[in-house]
Amino acid sequence: MSVAAAEADLSEDEREALELIRETGGIHQSDFWKELDISSRKGSRIAEKLAELGLIEREDTVYDGHNTYHLEPAARDLDFSLLMAGDMLSPFIGEEEVNHNSDAFSQWLMNLAYEEY
């Protein structure tokens, strides 16, 4: 099941929970249910479902001296095709300064142009 399909079937509480995890970049489950103002039981069930659907990662941890889980957003389905020209990756990935006159950029641009035809 794709990420989009899994998200489409979520309840309102589950969507809110997923958004919280994504916004925070990760949260301990013991804080998670408190932030959502729901019971720990309901919070656990939501976290389990999101993990089963592959929308979050749920790892055992110790927080404030108690066993809990750390909930983190899972990597989403990413489309790198916009960065590709043929089999060449854009030369500007990871570059801080862009040199429009570089040979790497020229080759990438030529591959992009020929790919269109």
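Numbering starts at 1 and runs along the sequence shown. Worth knowing before you read on, the calculation uses all heavy atoms, side chains too, and leaves out hydrogens, waters and symmetry mates. Please read all numbers here as calculations on a predicted model, not as lab measurements.
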Exercise for review: Apply side-chain contact (heavy atoms from CB on, under 4.5 Å) to Leu71 and His28, showing your working.
Suggested key: CA-CA 6 Å; Leu71 312 175; His28 290 96; over 6 Å; no

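What you find for Gly43 and Phe32 is that their closest heavy atoms are O-CE2, 3.5 Å. Taking every heavy atom of both residues into account, Ala85 and Leu112 meet most closely at CB-N, 3.5 Å. Closest approach of Ser44 to Arg58, counting heavy atoms only: O-NH2, 4.3 Å. Taking every heavy atom of both residues into account, Leu50 and Leu18 meet most closely at CD1-N, 4.1 Å. Minimum heavy-atom separation, Lys42 to Ser39: N-OG, 3.0 Å. Heavy-atom minimum distance, Pro73 versus Gly26: CD-N, 4.1 Å.
Atom-to-atom distance recorded for Ile46:CD1 and Leu10:CG is 9.5 Å, nearest 0.5 angstrom. Summarising the geometry, atom CD belonging to Gln29 is positioned 11.5 Å from atom OG1 belonging to Thr61; distances are rounded to the nearest 0.5 Å. One distance of note links CH2 of Trp108 with CG of Asp103; it measures 15.5 Å at 0.5 Å rounding. Note that the CG atom of Leu109 and the CE atom of Met88 stand 10.0 Å from one another [nearest 0.5 Å]. How far CD1 of Ile21 is from CD of Glu35: 11.5 Å, rounded to the nearest 0.5 Å.
Considering Arg22, Arg15, Lys49 as possible partners of Glu7, the one that fulfils the salt bridge (Lys or Arg N to Asp or Glu O under 4.0 Å) test is Arg22.
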Distance-only donor-acceptor pairs under 3.5 Å for side chains of residues 62-70, two or more places apart:
| residue | atom | partner | partner atom | Å |
| --- | --- | --- | --- | --- |
| Tyr63 | OH | Asp31 | OD2 | 3.0 |
| Thr68 | OG1 | Ser30 | N | 3.4 |
| His70 | ND1 | Glu72 | OE2 | 3.3 |

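Between Asp9 and Leu53 there is no side-chain heavy-atom pair separated by less than 4.5 Å. A 4.5 Å side-chain heavy-atom check between Glu16 and Leu20 finds every atom pair outside the cut-off.
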